[in-house]
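Only one structure is covered here, and it is reproduced in the block below.
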Amino acid sequence: MIERVKSGISGLDEILNGGFIKGSNVLLAGSAGTGKTIFCMQFLYQGVVKYNEPGIFVTLEEMPAELRREALLFGWDFKKLEDEKKFAIVDAASSKAGLPTGERFALRRGFDVNILAQEIYRTAKEIDAKRIVIDSIAGLGIQFEGTANIRTAIFRLSALLREIKCTSIMTSEVAVGEVFTRYGVEEFIAQGVVLLFLEEISGELRRSLIVRKMRGTAHSLRRYPFEISPEKGFVVMPGGEI
Ligand SMILES: Nc1ncnc2c1ncn2[C@@H]1O[C@H](COP(=O)(O)OP(=O)(O)OP(=O)(O)O)[C@@H](O)[C@H]1O
Ligand SMILES: [Mg+2]
């Protein structure tokens with residue numbers, strides 16, 4: 001019997017036949033503004049409050065203060081969960097931007113993927129994390145010369161995520177109209193791939209989602225509409241039409 005983890009995303013677990021596979025690494029890919037960060041925040045927040053699974057948000061792009069502020073718009077109080085030691089943000093964004101950080105979990109001496117891995121490991125032990133998000137893999141890119149080094153970094157991080165036995169999500173960017181991710185390895189390394197779309201249909205932008213791959217389980221292959229709202233967060237409509 002495969003152990004499942006509820007995604008915390010309304011409507012998604014039915015499409016996945018019960019949820020993500022426990023301990024698996026899922027790639028969440030989509031172009032800018034498709035909802036990747038919100039999906040990840042909801043996965044972690046609901047993970048703590050509904051399923052009692054502590055979580056870590058590793059941010060490579062947005063500053064932790066921005067994330068906390070955005071989350072609050074949906075009623076997700078990360079600060080409270082951090083004080084309760086059930087949630088942590090690892091700040092890898094400041095070091096990348098060359099800025100100082102007052103965060104408790106952060107890279108302080110410049111950006112380096114091995115140091116990032118150590119910091120994730122340390123944080124995971126400290127809060128006994130069961131869920132981890134890395135947002136985004138694209139954020140690793142500018143530190144490296146050449147695709148080979150970026151791929152090595154992605155392998156390194158995905159191996160770590162597997163080792164600490166957390167159910168994890170990595171986000172990556174896909175150019176509009178494309179199905180392949182920027183470095184072309186993320187979708188092969190990950191056990192699951194979920195694609196988010198924001199496309200114009202008869203003069204209006206519509207959001208939709210496809211589960212492209214989920215190793216070890218059956219899943220729906222349909223395209224589903226989803227919505228983002230401050231009241232309900234990220235909601236997939238399993239019965240909906242595009
Ligand atoms: N409070 C909110 N209520 C409703 N919709 C929102 C709210 N906040 C953001 N959105 C929608 O979600 C989009 C941004 O989502 P998100 O930041 O998760 O995207 P992303 O895929 O992470 O983008 P990027 O690749 O730029 O990081 C916004 O463009 C907006 O359409
Ligand atoms: Mg984002």
Given side chains that start at C-beta, do those of [X] and [Y] come closer than 4.5 Å, heavy atoms only?
X    : Y    : value
L107 : L116 : yes
L209 : L12  : yes
E186 : M170 : no
S172 : L27  : yes
E84  : K80  : yes
T59  : T37  : no
R108 : S95  : no
M214 : V26  : yes

So, taking the atom named [atom1] in [X] and the one named [atom2] in [Y], what distance separates them when rounded to the nearest 0.5 Å?
X    : Y    : atom1 : atom2 : value
I127 : R122 : CD1   : CZ    : 11.5 Å
E200 : R206 : CD    : CZ    : 10.0 Å
L198 : T34  : CG    : OG1   : 7.0 Å
S94  : E103 : OG    : CD    : 7.0 Å
L73  : R68  : CG    : CZ    : 14.5 Å
T152 : L157 : OG1   : CG    : 11.0 Å

Parallel, tilted or perpendicular for F39 and F234, by the 30°/60° rule?
perpendicular
Cation-pi, F43 ring and R131 (6.0 angstrom, 45 degrees):
yes
If you compare all heavy atoms of [X] against all heavy atoms of [Y], which two are closest, and at what distance to 0.1 Å?
X    : Y    : result
G33  : R207 : O-NH1, 3.2 Å
I189 : S158 : CG2-OG, 3.1 Å
F226 : V236 : CB-CA, 3.8 Å
I56  : L44  : O-CD1, 3.5 Å
F105 : E119 : CA-OE2, 3.5 Å
G35  : L196 : C-CD1, 3.8 Å

Judged by atom type as modelled, is there a donor-acceptor pair below 3.5 Å linking the side chain of [X] to the main-chain atoms of [Y]?
X   : Y    : answer
K6  : D13  : no
K96 : F111 : no
Q46 : I9   : no

Take Y121 and L160 through the side chain to side chain contact (heavy atoms under 4.5 Å, CB included) test and state the conclusion after the steps.
CA-CA 8 Å; Y121 192 84; L160 169 79; 3.9 Å; yes
Could you work out, with side chain to side chain donor-acceptor pair (under 3.5 Å) as the rule, every residue matching N25, not counting sequence neighbours?
S168
What residue among F78, Y45, F57, W76 forms ring-ring contact (aromatic ring centres under 6.0 Å, His included) with F87?
F78
In this structure, are over 12 heavy atoms from other groups packed under 6.0 Å from N114 atom CG?
yes
Counting heavy atoms not belonging to E66, are there more than 12 under 6.0 Å from its CD?
yes
Result of checking K36, E62, E61 against S136 for side-chain hydrogen bond (donor to acceptor under 3.5 Å, both in side chains)
E61
State which residue, out of K79, K85, K86, fulfils the side-chain hydrogen bond (donor to acceptor under 3.5 Å, both in side chains) condition with D83.
K79
Excluding sequence neighbours, so at least two apart, what forms side-chain contact (heavy atoms from CB on, under 4.5 Å) with R4?
I2, N17, I21, T217
Say whether [X] and [Y] are linked into one hydrophobic cluster, either directly or through other cluster members, by side-chain heavy-atom distances under 4.5 angstrom.
X    : Y    : value
F74  : I169 : yes
I115 : I137 : yes
L60  : L67  : no
F20  : V133 : yes
I132 : M41  : no

Take E14 and R222 through the salt bridge (Lys or Arg N to Asp or Glu O under 4.0 Å) test and state the conclusion after the steps.
CA-CA 12 Å; E14 348 180 344; R222 268 196 55 199; over 6 Å; no
Run the numbers on L81 and V49 for side chain to side chain contact (heavy atoms under 4.5 Å, CB included), then give the verdict.
CA-CA 9 Å; L81 303 187; V49 302; 4.1 Å; yes
With side chain to side chain contact (heavy atoms under 4.5 Å, CB included) as the test, would you mind laying out the steps for I134 and L161 before giving the verdict?
CA-CA 10 Å; I134 299 183; L161 294 174; 4.0 Å; yes
Check this for me, if you would: do R212 and E187 make a salt bridge, where the nitrogen-to-carboxylate-oxygen distance has to be below 4.0 angstrom?
no
Indicate yes or no: does E199 engage R223 in a salt bridge with an N to O separation below 4.0 Å.
yes
Dump the intermediate steps for side chain to side chain contact (heavy atoms under 4.5 Å, CB included) on T123 and V58, then the final yes or no.
CA-CA 10 Å; T123 313; V58 180; over 6 Å; no
